[in-house]
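One-based numbering along the sequence shown.
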Amino acid sequence: QLLHLCRYMSLNAFGTDSFLRYQIRTAMANIKRDDEMIQQERIESLTFDELKAACHSRGIRSVDVNEDFMRRELHQWITLHLTHSVPAPLL
């Protein structure tokens with residue numbers, strides 16, 4: 001399961017279980033910090049490339065979709081993650 005989660009998150013999937021857990025925890029902490037910054041600065045302030053990168057890193061579809069879709073999905077992710085405390089791996 002750790003291998004699948006690492007691959008899904010575009011992380012290096014080689015190493016011991018403890019190393020894979022460390023990578024996942026670090027990536028999740030980075031995403032949470034990024035979510036907090038995006039929430040403070042507002043999603044509307046993101047450029048298209050920043051928006052696309054943010055969506056990609058969270059597993060939100062970012063190919064062949066319009067900008068409004070990505071902004072709505074990212075807003076929903078941040079609301080669930082920060083406001084409702086839904087763990088990122090469940091999102």
Completion exercise
Contacts satisfying salt bridge (charged side-chain N to carboxylate O under 4.0 Å, His left out) that involve residues 66-91 (not counting sequence neighbours) are E67-R71
Handout entry: Inter-residue atom distance L3.CG - Q1.CD, 0.5 Å rounding
Key = 10.0 Å
Handout entry: With sequence neighbours excluded, residues passing side-chain contact (heavy atoms from CB on, under 4.5 Å) with N12
Key = F14, Q23
Problem - Distance, nearest 0.5 Å, that separates CG of N30 from NZ of K32 - result: 12.5 Å
Practice task
Taking the side chain as every heavy atom from C-beta outward, state whether I38 and W77 have any pair of such atoms under 4.5 Å apart.
Solution key: no
Would you list the atom pairs, donor with acceptor, under 3.5 Å between side chains in residues 47-54 and any protein atom, with sequence neighbours excluded?
| unit_1 | atom_1 | unit_2 | atom_2 | d |
| --- | --- | --- | --- | --- |
| T47 | OG1 | E50 | N | 3.2 |
| T47 | OG1 | E50 | OE1 | 3.4 |
| E50 | OE1 | T47 | N | 2.9 |

Problem - Interatomic spacing from CG in D64 to CZ in F69 - rounded to 0.5 Å - result: 11.5 Å
Handout entry: Any residue meeting salt bridge (charged side-chain N to carboxylate O under 4.0 Å, His left out) with E41, in chain and number order, not counting sequence neighbours
Key = none
Handout entry: Hydrophobic cluster identity match, L46 and V65, side-chain contacts under 4.5 Å
Key = yes
Completion exercise
The complete set of side chain to side chain donor-acceptor pair (under 3.5 Å) pairs with one or both residues in residues 82-91, sequence neighbours excluded, reads none
Completion exercise
By side-chain contact (heavy atoms from CB on, under 4.5 Å), S57 pairs with (sequence neighbours left out) none
Completion exercise
Of all heavy-atom pairs linking P87 and H81, the shortest is C-CD2, 4.5 Å
Exercise for the section: Check H56 against S62 and note the closest heavy-atom contact, atom names and distance. Expected result: CB-OG, 3.9 Å
